[in-house]
2 protein chains.
Amino acid sequence: MPKPADVAATGLRASALTDDLSFLLARANAIALSAGNAALAEHGLKARSYSVLSLAADGAGPSQRELAEFLRLDPSQVVSLVDDLQSRGLVERRPDPADRRANVVIATDAGRSLAAAARDSARSAEERVHAQLSADERQTLTDLLRALAFPDA
Amino acid sequence: MPKPADVAATGLRASALTDDLSFLLARANAIALSAGNAALAEHGLKARSYSVLSLAADGAGPSQRELAEFLRLDPSQVVSLVDDLQSRGLVERRPDPADRRANVVIATDAGRSLAAAARDSARSAEERVHAQLSADERQTLTDLLRALAFPDA
DNA sequence: TATTGTTATACTCTATAACTATA
DNA sequence: TATAGTTATAGAGTATAACAATA
């Protein structure tokens, strides 16, 4: 006998929203986000700060404007995310020699090792959340989502 | 020659995040959400209020608790969403005869026709956003996302 | 003139706890 | 004792505008 929660959900699962790609995207994202945030919490990170740290650790040396664009954040939000990471000694701001208006954000050694540890936590949480998909299905999903996430590619 | 915006994104597109299912989910959702909200604005709705109205119009007669669960919202958030829709004459709260603690939320005639109009707007916006996917790919994506969105199904 | 980063501000969303009425 | 709805409130996230430094 299903719990009340399941019964309730079952009743609405025949609704039109269940075929709505945007709704499914929102719900799947909410589930992944809360699992991800829970997994990252032990490292003092959230999805946002993790993604900034991860990009800074990747060696591409992104400017804050590039981070804002890639993560779909307002530049002012990037300021406070980088402030936080910098105050914890995880990233540095370096003036871009080619454009002195711009700050290049680079992970410190501590930042790189935290990013690696956080990535492991995030990945194992993700595997738990997506356990009902086969490896093939997960790959297909990743490719399709990438097409939506980067339409101009 | 690509615009600076494209160049910037291209630089980061080789990053590890680009293979991260949770990140792609977040970015695709952000894109779909902003397109959806823009399309729904002409009806005085947002994604949240639209989904509540849509479920109320579907005839299943959900309680507020069922709505909260299905939409992954806190019950107190559902209160204000229903308050707003009710004040505009789009839904009614009816006490559930079987459990007088519970309110069943049902769309009025005006609510049903607004829901239908809003759904058309939302769907054509969605088609624009997802134009680079074939019908087959979109169906595959919908099925895979449904598995993530409703893991217990 | 336009752009990068920054600050300030207001607004929305989210999470929590407490209360009431029913069960 | 537990649950549905409600209220209040604080915190996080989001959006906007304005400014200094630089292009």
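In what follows, chains carry the letters A, B, and so on, assigned in the order in which the sequence lines appear, proteins first and then strands, with residues in each chain numbered from 1.
Exactly one residue among A:Leu53, A:Asp84, A:Val52 makes a side chain to side chain contact (heavy atoms under 4.5 Å, CB included) with A:Leu45. That residue is A:Leu53.
Partners of B:Tyr50 by ring pair (Phe, Tyr, Trp, His ring centres under 6.0 Å), not counting sequence neighbours: none found.
Among all heavy-atom pairs drawn from A:Val79 and A:Gln64, the shortest one is CG2-NE2, 3.8 Å. For B:Ala56 against B:Val91, the heavy-atom pair with the smallest separation is CB-CG1, 4.0 Å.
Ranked by how close their nearest DNA chain C nucleotide is to the 5' end, A:Asp83 and A:Ala102 are led by A:Ala102.
Using modelled atom types, one finds a donor on one side chain and an acceptor on the other under 3.5 Å when comparing B:Ser76 with B:Asp74.
Salt bridge A:Arg123/A:Glu127: absent, no basic N to carboxylate O contact under 4.0 Å.
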Can you name the atoms? Protein N/O to nucleotides 14-17 of chain C N/O, anything below 3.5 Å, with the distance.
unit_1	atom_1	unit_2	atom_2	d
C:dT14	OP1	B:Arg48	NH2	3.1
C:dT14	OP2	B:Arg48	NH1	2.1
C:dT14	OP2	B:Arg48	NH2	2.9
C:dT14	OP2	B:Gln77	NE2	3.3
C:dT16	O4	B:Ser76	OG	3.2

Identify all pairs in which a protein N or O lies below 3.5 Å from an N or O of nucleotides 21-23 of chain C, and state each distance.
unit_1	atom_1	unit_2	atom_2	d
C:dA23	OP1	B:Arg100	N	3.1
C:dA23	OP2	B:Arg100	NH2	3.3

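Distances shown here put a side-chain N or O of A:Asn103 below 4.0 Å from the OP1 or OP2 atom of C:dT6.
Distance NZ (A:Lys46) to P (D:dG11): 12 Å, rounded to an integer number of Å. B:Asn29 places its CG atom 16 Å from the P atom of D:dG13, with the value rounded to the nearest Å. What separates CG of A:Leu67 from P of C:dT3 is a distance of 19 Å, to the nearest Å. The CD-P distance, from A:Gln64 to D:dA21, rounds to 17 Å in whole Å. Atom-to-atom, CD of A:Glu69 to C1' of C:dT4 comes out at 12 Å; the value is rounded to the nearest Å.
In this structure a side-chain-to-backbone donor-acceptor pair under 3.5 Å is missing from A:Glu92 to A:Gly89. Put simply, the side chain of A:Glu126 gets close to the backbone of B:Ser22: a donor and an acceptor are under 3.5 Å apart.
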